[in-house]
Structures are given as C-alpha cells and as structure tokens.
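Just so we're on the same page: letters track the sequence lines, and every chain starts at 1. What's counted below: heavy atoms across the whole structure, side chains too, no hydrogens, waters or symmetry copies.
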There are 2 protein chains.
Amino acid sequence: MPTIKDVALKAGVSATTVSRVLNNRGYLSEELKQKVQQAMDELNYRPNELARSLSRSKSNIIGLIIPHVSLPFFGELTSHIEEHAYREGYKLLLCNSWQDKQKEQEYINMLRSSRVDGIIMGSHTLEVEDYRQMNLPLVTFDRQISPDIPYVCSDNYNGGKLATILLIQKGCRRLAHIGGHPKLNILSHLRCVAFEETARLHSVRYVSLHTDNNSFDFEAYEQLLDQLFREHPEVDGIFAGSDIIAACALKACQIRGRRVPEDVRIIGYDGIALRSLLYPAISSIRQPMEAMGKLAVDLILRQVQGEPVESAYILPVELEEGATT
Amino acid sequence: MPTIKDVALKAGVSATTVSRVLNNRGYLSEELKQKVQQAMDELNYRPNELARSLSRSKSNIIGLIIPHVSLPFFGELTSHIEEHAYREGYKLLLCNSWQDKQKEQEYINMLRSSRVDGIIMGSHTLEVEDYRQMNLPLVTFDRQISPDIPYVCSDNYNGGKLATILLIQKGCRRLAHIGGHPKLNILSHLRCVAFEETARLHSVRYVSLHTDNNSFDFEAYEQLLDQLFREHPEVDGIFAGSDIIAACALKACQIRGRRVPEDVRIIGYDGIALRSLLYPAISSIRQPMEAMGKLAVDLILRQVQGEPVESAYILPVELEEGATT
DNA sequence: TTGTAGGCGTTATCAA
DNA sequence: TTGATAACGCCTACAA
C-alpha cells in the first residue's frame, strides 16, 4: 500500500504538503493541489486511518454495545445509528453483549483499547460505578446511570398510559401486562408502572407478569403467556412490553382459539417494521427509533467536542393502531 | 490515558519489557512479570490498539458489508459473525449498504482506509472487477466473483428442490415461486431454478414471480402476491425465496381468507428465528447461519495468514417443517 | 534476561 | 507558501 511518502515523491513535494492537501489545511496553490491529487489517484492512495487516528488521538469510531442485533428493535436502532454515524464520518464497531455481564465488561475493555471516541450502550448489566469510572463519552438507552451520562429513551410512561387507555376505551375489563425483568431496566419498567396506575385510575382489574431474567428469550415469553391464560383466562386485554412479546401473545391467542381483537385485544411497544408482516397487524406504541439513533450519535459527538449535554432525552411516542385492538 | 512508558516508569523497567509482558514474548522472570502487571493494574493501563495496529500493520478488524442489519436473516448472520470474530480476537466494523452501489463503494474505500484485515461481503452491487482489484482478503455470501475470492452459501439448489418436492408431495398441483431479483444474485437464484426444474420433472404447473429490484422491500412483495392471487388464483403451493416473503405470503392468504395449509401451502427459505413467532409457524429451508458466519470469519483469517482457501463453500440446508405445509 | 534505537504512517510545530 | 523535525504509542531488531 502506498504511503504519503510515495505520493510526495511522485508529486515532487514533501510529505507535509501532501498531508496539507489531504486535510485541505493551510495555503496551497491550485497547481500544487492538482499535482498532488494526480499523484494520489495514480497510486490509488488511501490515507492510513490508523496512523491518522494515532497522530490525532481520535479514531472516529463509535462503539455500540447492545444485547443482540438480531432482535428486531435493536437491529433497526443499529441501522439508524450506523447511518448517522457514517454521515458524520464515524465508523461503528458492533458488540453483542447477550446481556452477559462478563461479555459486556470485556467489550468495554476492548472498545477502550481500540480508542473509540465514545460508546453507545443499549445493554447495561454492570454496576453504575463501572460505567462512571470509564471516563469516555457515553450514551445509554433506557437507563439512567448518573447525571453526567446522558440517556435517550422514549416516553415510556406515556407510552404505557396510551396503550392502557386504548385497551380500556375499547372495552377491556381484565388487563394484563407482560414485560421483561423490571429490575434490570428501570426506565422501560415505567411502561408497566403507567399500565398499573392507569388501570387503577379507571378501576380496571389487572395483572402484571415479568420474565425473571433479562434474556429476550421467546420461550420465556411463551411460558408467561401460558401461565397467563391458565391463571387468568378472563383476561381480555394485553399490553405487551415489546412487539415481540405482542407477537407471542397473538400467537398464544390463535393457538387457543381466542379471537383477536374480539375476545382479546393486544397492543405492543416499539413499533418495529416487521410488525406489518403479522396478521392481524399488531397495534403498537411506536418509539422514534430513527430520531433516537441520530440523537445517540449526536450526543457522543457533542461530548467529543466538549459541548455540554443534558442528562435526559425523552422522546415522544406515537400510538399506531393496527388490527389487534 | 497512561502509555506503555508510564507503566515502564512505574515498574522501574524499560518500555520494551512492558511490551514483552504485554505480548508474553521472550524470557521474563516471574518477578518482573508480577511487577509490571501490578503497575498496569494500578494505572488501569490499556494498550493502545491503534498504535499496535499501526506498528504491526494489522488491525484485527473485519469489515462487514450487508444490505441491512435489520433484515432478520442478515441480523442473525451478523450476530454469528460478530461472535466468532470476537472469539478470534477480531472486531467488527458494520456497514449497511442498503443495496446501493455508491454506498457500497464508499464503504469499501472507508474499510480500506481503516486497514481492516478483510471484508465479508453480504452485499454485492458492484462489478466483478471492482472486487477483484481491491487486493484484500475477501469473502462473499451467495455470490461467485472469481476463483480466488471464496464464497459461502447454502445449498441453494438442493434447498429449492427440497421445498418444491415437499409441496408436491403434500398434493399441491399449481405451484408458485416468489423471489428477489434474479440477476443480482445468481447463486440464490438457484433456488428458483431448482423449483422450476423440479416442478417440470413432476409435471406440475408453476409460475415464478420476482421483484424487479433488489430492495428487500415488504411492499414489493405484497404487490407481487397481489398479482399472484389475481392472475393465478388457482395456486395451491408457494415456495418463497425467504422467510420474510413467506410471511408476506401467509398474510396475503389470511387476508384473502385462504386457509393455510388447507387451501394454500407455503414454505420459505432461511430458517430465521422469528419464524416461530408466526402462526401457523412457517415451514422453511434452514440455512446453517451459525456455520456460515463462522466459516466466513475463518476464511478471512486463513487468507490473512496466507493459507490457501477453496473457492466455494456450499453448506447443507435442512428442511424444517412448520405448520404451513 | 533486559535495554536501546529505529520505524509504522500521519499530523503539528516550527522555520525558512 | 513549503519543508524539516518531532511527536503519537507501540513493536521488533539488535545489543548488552
């Protein structure tokens, strides 16, 4: 691979000059620019980003740690993050934590070694102190770690409220919420809190079930639904903590011959694109994934540039009614 | 951030020695190792991978270019690739090409600048020459570029055959195949070829429909299905080019009141995990995604190490019957 | 067994 | 307006 020196030699100038036209810095005669540019083209020269990064002590890489890209919500979020990062001249290093404490820690170490300019965390299994100590631009999703680490989330409370109100308005009298483990994700647990408060406010009976781990495991959801229909066969409205759970609920109803929405109404959360492939299409509370992804990237960049950031970014959700309510 | 020199100073040794314990090279007394290790721990030292990469001219980064991570098949594949890359000490730079020629080219340039050790291509919109010229360890999925660039794919032909035979065995007499654009992906088009040949062999009438772009667009699929049911209402067996298309087909049947599998039988391709969320669960030809991901990583590593590689790796598929056949 | 010196490819700081 | 020189942080001869 040709280096800056090769280009310099070919163009009959110094490496410094080549660097200057590369970065468009300082005063350069048009003639020189042309000459250098031509040499670069002829050699098919590509600046070595490793060397640049080392020299500038800035890698233009953002690390992304999420539970699993193949989960639709995280897949979509990742796409948006990648898209915006790329537009801003940043690259994305992808890490699937599998919600595993040790893996997450190893990835953080790895990303620090790689001198990423910041880390976007969609997975958080470690202690608050572990994150605070790492002294790197950080952004989290759905998790408040400390006032100086900004987090991005959808308006979980309002989303839970909207969903619950919709079910009640449609005439449901026995509600159920099925969600992930509450302890591990306090902010998205607000969906559940809103559900319970709204149900109580309207004097509607309800039950809340949660997985006991944070594994996003389809089978765990199916077991919960099994339990739900066994112990509470009278349930006629389900607010699922995610569209995936909602899909499980829909399937559980179909298996048991419960008509949706006639016998049981279902609404999910997230608004993933794949939702439209189901029949009937699932109603959902849509998170503004694109805006969230863009914001997360911007928050890293602002921190990199030493600009101040708020500690919380709560984005509005939108009720998207499908055919399950 | 502390450097190797800081560690050396603190441990009272030279930087070389620190480098040695870091890389566990050469002869070192236990005592020294301990001392250096302690200094590293106390300083919370992390070796700068940028500097290491520059010095060794090896970045331990693999670039992955795919159409879109949020497509379930690519999401799962990406997860496996990331997993195996990480195990081998490699990091993954993620690029979504959106099947866009220009974006793909820009990403390739970017990855070359980043001095990635190799590129795994799940997206290929450029000309064969463009790939051949880049002179970097490369692996492609479902695309044969040249004898010296290995490709990984599932046994597309056999998969198409298995699917078609199953439909015929179940009694289907009017078959349809719905797939992506045939020109852009010659290898996965073999699924279609096998479908047609098998149908002819069994004297079963069939029709093949394809999207006219390579966009993985849900709506395009829906339009095709619309066309299918309009022009060929007698179809009683559908072989879909992917599980996503199969899901669309299932939905199309449900919307039109066609019972599945009684009136129409459906089988997809890929074997994505989300398949199990549908009801009825979709039958599919399962690609060994984990093995394919691992293999792709291994093929990059072998090329990096100068080991020879074959030009084609065709992995066996498996028929996974759900409830739609 | 440990240390010194030079180089990896760029960029930044001075001079000229 | 351009060029020489010293970093950036690490690794690898070569010495000692």
Taking the side chain of [X] as its heavy atoms from C-beta onward, which of [options] lies nearest to it?
| X | options | answer |
| --- | --- | --- |
| B:Leu54 | C:dG9, C:dT11, D:dC10 | C:dG9 |
| B:Arg20 | D:dC11, D:dT1, D:dA13 | D:dA13 |
| A:Lys5 | C:dT2, C:dT1, C:dC8 | C:dC8 |
| B:Thr16 | C:dT10, C:dG7, C:dT4 | C:dT4 |
| B:Ile4 | C:dT11, D:dC10, C:dT10 | D:dC10 |
| A:Val13 | C:dT10, D:dG3, D:dG9 | D:dG3 |
| A:Leu32 | D:dC8, D:dT2, D:dC10 | D:dT2 |
| B:Ser14 | C:dG9, C:dT4, D:dC10 | C:dT4 |

(message) For the backbone of B:Lys5 and the side chain of B:Thr3, can you confirm whether one donor and one acceptor N or O come within less than 3.5 Å of each other?
(response) yes
[N] OP1/OP2 closer than 4.0 Å to side-chain N/O of [X]:
| X | N | result |
| --- | --- | --- |
| A:Ser19 | C:dT11 | yes |
| B:Ser57 | C:dC8 | no |
| B:Asn48 | D:dC8 | no |
| B:Ser29 | C:dT2 | yes |
| B:Arg52 | D:dG9 | no |
| A:Thr17 | D:dT2 | no |
| B:Tyr27 | C:dG3 | no |

(message) Checking side-chain polar atoms at under 3.5 Å, does A:Ser14 have a donor or acceptor matched by the opposite partner on A:Thr17?
(response)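 A:Thr17 and A:Ser14 do have a side-chain donor-acceptor pair below 3.5 Å.
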(request) Would you check if there is a donor-acceptor pair between the side chains of B:Gln38 and B:Gln34 at a distance under 3.5 Å? (result) no
(request) With heavy atoms under 4.0 Å as the rule, sort A:Leu28 into base, sugar-phosphate or nothing. (result)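 Sugar-phosphate, backbone atoms only, no base.
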(request) Can you see which heavy atom on A:Tyr45 is nearest to which on A:Pro2, and at what distance? (result) CD1-O, 3.4 Å
(message) Please find the pair of heavy atoms, one from A:Ile119 and one from A:Ile300, that lie closest to each other, and give the distance.
(response) O-CD1, 3.6 Å
(request) To the nearest Å, give me how far apart NZ (A:Lys58) and P (D:dC8) are. (result)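 Interatomic distance, NZ of A:Lys58 to P of D:dC8: 19 Å.
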